[in-house]
Each structure stands twice: as structure tokens, then as C-alpha cells.
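As a basis for the values below, the full set of heavy atoms in this structure was taken, side chains included, without hydrogen atoms, waters or symmetry mates. Here the structure is a predicted model, which means the values were calculated and not measured.
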Number of protein chains: 2
Amino acid sequence: MALQDSLEILGGKWKLLIVHYLAQRTAEENTFKNMQRGIPGISAKMLSKELKDLELNLMVSKEQPGLKTSTASYSITTYGKKVMPVTDVLINWGLQHRLMIKENG
Amino acid sequence: MALQDSLEILGGKWKLLIVHYLAQRTAEENTFKNMQRGIPGISAKMLSKELKDLELNLMVSKEQPGLKTSTASYSITTYGKKVMPVTDVLINWGLQHRLMIKENG
DNA sequence: GGCACTGGTAACCTTGAGGTTACCACTAAG
DNA sequence: CTTAGTGGTAACCTCAAGGTTACCAGTGCC
């Protein structure tokens, strides 16, 4: 079932958050430390691991223009942009749900 | 952030699968054992637990017409139907991703 | 009575996602 | 030289999600 596939690939605490973060900024902004600061709560280990997973799945690409490691940056690929409907719909749902809790609360 | 909220509430291995399952059938079909058989891999424990979570979040309702426990069944609520866009978009993405993997081989 | 089904629950165990700490190499600024 | 920043990695630990097994009560059939 396709739903199960998607949940396996995009599941977990961080992947969608990372993709969404990258989708909103330019490559130059997306340095490792910037991302770490911009995604509250994520550890270097998880960020590193998830970025590798996302690279493997062709959703994120890493650029390192020179030899300096300190110039590395990340950006979302064209293919990666295809998960944006997923994050969008989840964000909408989250907002709706918050409202509903308030009204009902 | 709304995205994090959504991931917390809908996250995990089973919730979206259950909601999607329920959304496709009538209440009468949705007995506990039927669901267990229809959602491959789920255990009674998880099904029971997740159904309770979903009831708490007002997405699923349990009906038990008589006193007999054996007549219990589950159905998705109007509110629960609002997560259908999420499952739909994930299913589409999953199908696309499968295609892309094949092409890219 | 005995067997099979239903709707579950309680107790226990395993596994891996995720967190924490420490560490490395390189660059730039003071 | 020292301090602070960058981009990470390795090793270890924890905890909860999820799985497994056993069990219970009720209904129906033969």
C-alpha cells in the first residue's frame, strides 16, 4: 500500500520538518548550523542523519563549492519539492485541529 | 508550529492507516476483528490503543448498539474525515515516489 | 460439554529512534 | 596563542513505541 510506503519514507520526527524548512529558504541560508538553529530541538546527530537519508532519496542536495567544509549548504531538489503538498496539508490540518480544540475545549 | 502538532497527533505507524481504512467502509464492516484482518500487520494491542487515541481526538466513534460486546463497531466521524486530504496526498506522493524509483532504477 | 468465534486487556520483552556528551579538523578574529 | 565559529562524527544511553504471549468473558453451534 502506497500509504505505508510514504509513512516509512517520510515518517519520524524530523524529515518533514527539514524538508519544509529547506523549501522556504535559499541554499545560501541553509548551512548546517543555521538549520540546527532554525529547527528547534533537533540535534546535530539527527540533522546529519536525516539529511543523508533525504539525499539518498533524492529530495535534498548538498553543495560544497570549494574545498572548505565550512562552505557546505543544503537545498531542496525539484523532486523534494513534491513533498510540499504533504507538509502544506498537514499544516492546514494542524491549524484546523487547534481551532477545533479551542472551540471544543 | 502547526506541522509539529500534526506530526505528534497523526504520527506513528498506524493512525493514518486506521483512519484511511475506516474512511473507506461502513460502520457495520468495521468490527474489531475485521479491522485487524484488514490492516495487515497490526496487533490487537495496537489497534485497541490507537482506536482509543483516535476516539479521544474525536476522529473515530465507537458504537455498541446492544449490551453485547460482540456487536461493537467503529466509524470515522465528520471531524475525522478532515484528515482524508492528508492520507490522499500521502498516497499520491507514495505512488509518485514508486514510479520515480523505478525510472531512476 | 466442547470447540470456535467475538471483543478485548495485562504483562512482559525487544528494538531502534532519538538524545547526550565528547571529540576532531579547519578558519578567522583578537 | 587563544577563543570562537564552522562542519560534522563516534560512542554511549534512554525510553517509549510497538510486538508477543497468555488470558478472560460472552455467544453460538453441534
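- As a whole-Å value, the separation of E55(B) CD from dG7(C) P is 15 Å.
- Atoms CZ (F32(B)) and P (dT9(C)) sit 7 Å apart, rounded to a whole Å.
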Chi angles and distances behind the side chain to side chain contact (heavy atoms under 4.5 Å, CB included) call for H20(B), Q24(B): CA-CA 7 Å; H20(B) 182 241; Q24(B) 289 184 310; 3.7 Å; yes

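- Of all non-hydrogen atoms in K15(A) and L54(A), the two that sit nearest each other are CD-CD2, 3.9 Å.
- For dT9(C), the OP1/OP2 oxygens have a side-chain nitrogen or oxygen of K52(B) closer than 4.0 Å.
- R37(A) has a side-chain polar atom (N or O) that falls below the 4.0 Å cut-off from OP1 or OP2 of dT6(D).
- The base of dG8(C) has none of its N or O atoms less than 3.5 Å from a complementary donor or acceptor on the side chain of K45(B).
- Between the CD atom of E63(B) and the P atom of dG7(C) there is a distance of 13 Å, rounded to whole Å.
- Rounded to whole Å, the distance from CD on E50(A) to P on dG19(C) is 10 Å.
- With hydrogens and angles ignored, no donor-acceptor pair under 3.5 angstrom links the side chain of K33(A) to the base of dG5(D).
- The distance between atom CE of M46(A) and atom P of dG8(D), rounded to the nearest whole Å, is 16 Å.
- Counting to the nearest Å, the C1' atom of dG8(D) and the CG atom of N34(A) are 15 Å from each other.
- Taking each heavy atom of V83(B) and M59(B) in turn, the nearest pair found is CG1-SD, 3.8 Å.
- Distance I42(B) CD1 to dT20(D) C1': 15 Å, rounded to the nearest Å.
- Under 4.0 angstrom from either OP1 or OP2 of dT9(C) there lies at least one side-chain N or O belonging to S48(B).
- Residue contacts shown for K62(A) are limited to sugar-phosphate atoms, with no base heavy atom under 4.0 Å away.
- Between T31(B) and dG7(C), a side-chain N or O to OP1/OP2 separation shorter than 4.0 Å is present.
- Grouping the Ile, Leu, Val, Met, Phe, Trp and Tyr side chains by contacts below 4.5 angstrom, directly or via other members, places Y79(A) with L51(A).
- Side chain to side chain, E63(B) and S75(B) meet the donor-acceptor criterion of an N or O pair below 3.5 Å.
- With rounding to whole Å, L47(A) atom CG is found 14 Å from dG19(C) atom C1'.
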